[in-house]
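What follows is a set of notes on a single structure, which appears directly below.
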Amino acid sequence: MSAVASETKTRQLPYVVAITEGVREVLKEQANAFVAGEDVAGAGSVYGYYRGLLDEFGADRIYDTPISEKGIIGLGVGAAAAGLRPVLDIMFMDFIGECMDEIANQMAKMRFMFGGSATLPITVLTMAGAGANLAAQHSQSLEAWLAHLPGLKVVMPATPYDAKGLIIAAARDDNPVFVVLNKMSLAMMGDVPEGPYEVPIGKANVVRTGKNYTIVTLGRMLGQALDAAKQLAELGIDAEVIDARSVQPFDTEAVIKSVEKTHRAMVVHEAVRFGGFGAEIAAQIQEHAFDYLDAPVARVGAPFSPVPFSPALEKVYVPNAERIVVVAREQLGI
Amino acid sequence: MSNLDIHHTTLLGPDGHPLAPLPAEFANHETIRDLYRHMVLARTFDAKAVALHGSGRLGTYASLLGQEAVGVGIGHVMRPEDVLVPSFREHAAQLRRGVRPEELYLYWGGDERGSAFAGPTQDFPVSATVGGHAPHAAGVALAFKLRGEARVAVCVFGDGATSKGDVYEAMNVAGLWQLPVVFIVTNNQWALSTPRREQTAATTLAQKAVAAGFEGEQVDGNDVIAVAKVVGEALAHARSGNGPRLIECLTYRLADHTTVDDAARYRDESEVTPWWEKDPIARVRLYLSATAGWSDQQEKALLDECGTLIERAAEAYLATPPQGPEAMFDHLYGKLPADLAAQRDEVVAATKNRADG
């Protein structure tokens, strides 16, 4: 999938350190890259994923901004148009509401509206996800808002390997790319090669091959789907699990190829199910593979409610392996 | 909390008499004639745009009538390597910077190619959103500062934009990081139908700089010499690493908000008339007549020259064929993702089918 030199050493690292390594590689390879965001310099971000980079690269490369989300995005847009390659940080994805004009009306449209005369190589890192007892305004998964905007790219790394590789790919891309991270994945361990490597944007990853069921997942739901696949195997369902990795552009081809083989599909994401990106995937499947389908496409997502603060309710709210199995059994009548 | 000490500059009075000795760089007639010519050109461009809209050949257009001195003054003192980040009513500054009138007509005619200027290539095109471009200017200035370039970003917005968070966030970070940017408010007294007095309780808009930690001042926005002087000083200040300034240019929107607005619904004509007596172009003509013997013949020759230039630009614009439907996808991404290439082909095919049918 990605070009990793054979002699490269691979370590087991947590997702949070993989993020740091990704940003470090970007700052090393691109002299005109810089990081700007709230609490990114001295604090190294509230989740610590920029820790050490201020000392390593200096204050000209890592900027603490005022609490000013539209200022951060707008600053990045201007700096990019003037030739820099900004890595911007929006501390919680929920805060994109603060800067949605700069994202939707400026960043996404600028190349188009400037008649192609502006290039905006901007990377935005932002933290999504429920499950940390952070309540409704610090827990959302809003990737569908961004994926709906022509001009943006949106990726959702599910593993430490992808976190590093997608950050590097995003920073090398000449378009604005949102890297939607998940706070519940920060401690997740996984293989991470040393040095720079890219995970291609727009290419899905078939994480588990299977014969008669397709599960397409976004971000952190990959782990839940893999657990569910084990349980489904005991019921005679051999599930193929596809991590979309990128929602814009979306790898329709990989999903269709799988459904043509398995004839049954489910999409899983952490975001609210109604109007979520899973609806787009389900529509793509019925448009391109209707004749192959033996059952309606199932969707698993959060209920149509803000993320509850109550730990008891939040536990019920976030989709998990058990929920995936329940929905699959209903769908398949087993 | 209302009487902050805000400096105000007027150099040339409405009757064309200098109120103080003109600064050395403006004490020659060649410079004044150049400023005058660009204001006349901007007004000619503007009148043609309104006429083109009237005959259904241009989209909705925001007239700059009465505000010519602001843009020309700014454009006069900016260096070619500086970057202009304008609002949607700064055609005079854009033209003075070298943007071609046919490019601006193309833009206002609804063709994004008009925003890919032949030059100045780094200038931003029109920002149609109010104040959303202010943070971009801070970002441009950050790039200049990081690369150690002696360049300045100049951001122009209207009085209405000063009520917005975008503008404050941009000014705040520019003051904090001492960025080489000059913020200019074209205070034309109206945010669409909302008069200046109903926009903010602040006595001046210039004083909004104080909270961001830098100086703000007012200038007579109908006095091109004063605008050029004050903006020139702010540019020098920023260029030498001393950080931003905010300049409030006091002027007046003589026209409707846009060609689809009718200001008579909310604005009394008796308010407009006195501003015609402060016309930025008339006062320079009076000055040139009195001091440089500017003749009717010279005036006619200038109007003819500008008229011809603008007519040619309009013809070039009108002769530009529209883009094909594939253009929707041309500049969306650096390289079009595979999924979207399929969509582009669908759109092109659908158009062909319609044409064939």
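Only this structure's heavy atoms are used, side chains among them; waters, hydrogens and symmetry mates stay out.
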Review point. Considering residues, nucleotides and ligands other than Q199(B), do more than 12 of their heavy atoms fall under 6.0 Å from its CD?
Key: yes

**Study point:** Contacting region of A138(B) [heavy-atom separation from chain A under 4.5 Å]
**Key:** both

Review point. Using a cut-off of under 4.5 Å for heavy-atom pairs, which of L179(B), D166(B), V126(B), V85(B) has the most such pairs with chain A?
Key: D166(B)

Point to revise | Interchain contact, E69(A) with chain B, by part (heavy-atom threshold 4.5 Å) | key: backbone

Check your understanding: Non-hydrogen atoms of chain B under 4.5 Å away: do they reach the side chain of D174(A), the backbone, both or neither?
Key -> neither

Study note, to complete from the structure: If you tally heavy-atom pairs under 4.5 Å between each of R147(B), K145(B), M328(B), K335(B) and chain A, the highest tally belongs to R147(B)

Check your understanding: Under a 4.5 Å heavy-atom cutoff, which of N105(A), L84(A), D173(A) has the most pairs with chain B?
Key -> L84(A)

Study note, to complete from the structure: With T129(B) as partner, the option from Q106(A), K109(A), E102(A) fulfilling side-chain hydrogen bond (donor to acceptor under 3.5 Å, both in side chains) is Q106(A)

Exercise for review: Answer with yes or no whether the side chains of H331(B) and R113(B) bring together a donor and an acceptor at under 3.5 Å.
Suggested key: no

Review point. With chain B, which of A82(A), A81(A), G76(A), P66(A) has the greatest number of heavy-atom pairs at distances under 4.5 Å?
Key: A82(A)

**Study point:** Interchain contact, D330(B) with chain A, by part (heavy-atom threshold 4.5 Å)
**Key:** neither

Exercise for review: State whether a side-chain donor-acceptor pair under 3.5 Å links E240(A) with S258(A).
Suggested key: yes

Practice item. Please indicate whether K257(A) has more than 12 foreign heavy atoms, meaning atoms of other residues, nucleotides or ligands, lying under 6.0 Å from its NZ. Key: no

Study note, to complete from the structure: The interface call for L120(A) against chain B, heavy-atom contacts under 4.5 Å, is neither

Exercise for review: Step by step, work out the side-chain hydrogen bond (donor to acceptor under 3.5 Å, both in side chains) result for Q94(B) and E90(B).
Suggested key: CA-CA 6 Å; Q94(B) 292 183 293; E90(B) 302 304 332; over 6 Å; no

Practice item. Against chain A, work out which of L332(B), N172(B), L340(B) has the most heavy-atom pairs shorter than 4.5 Å and name it. Key: L332(B)

Check your understanding: Is any side-chain heavy atom of L146(A) less than 4.5 Å from a side-chain heavy atom of M93(A)?
Key -> yes

Point to revise | Electrostatic pair D251(A):R245(A) at N-O distance under 4.0 angstrom | key: no

**Study point:** Heavy-atom pair count under 4.5 Å with chain B, highest-scoring of A80(A), G71(A), A36(A), G202(A)
**Key:** G71(A)

Point to revise | T119(A) portion near chain B, given a 4.5 angstrom heavy-atom threshold | key: neither

Point to revise | Y107(B) side chain to H91(B) side chain, donor-acceptor N/O pair below 3.5 angstrom | key: no

Exercise for review: Just give me the residue among T65(A), L152(A), I67(A), D101(A) that pairs up with chain B most often, heavy atom to heavy atom, under 4.5 Å.
Suggested key: L152(A)

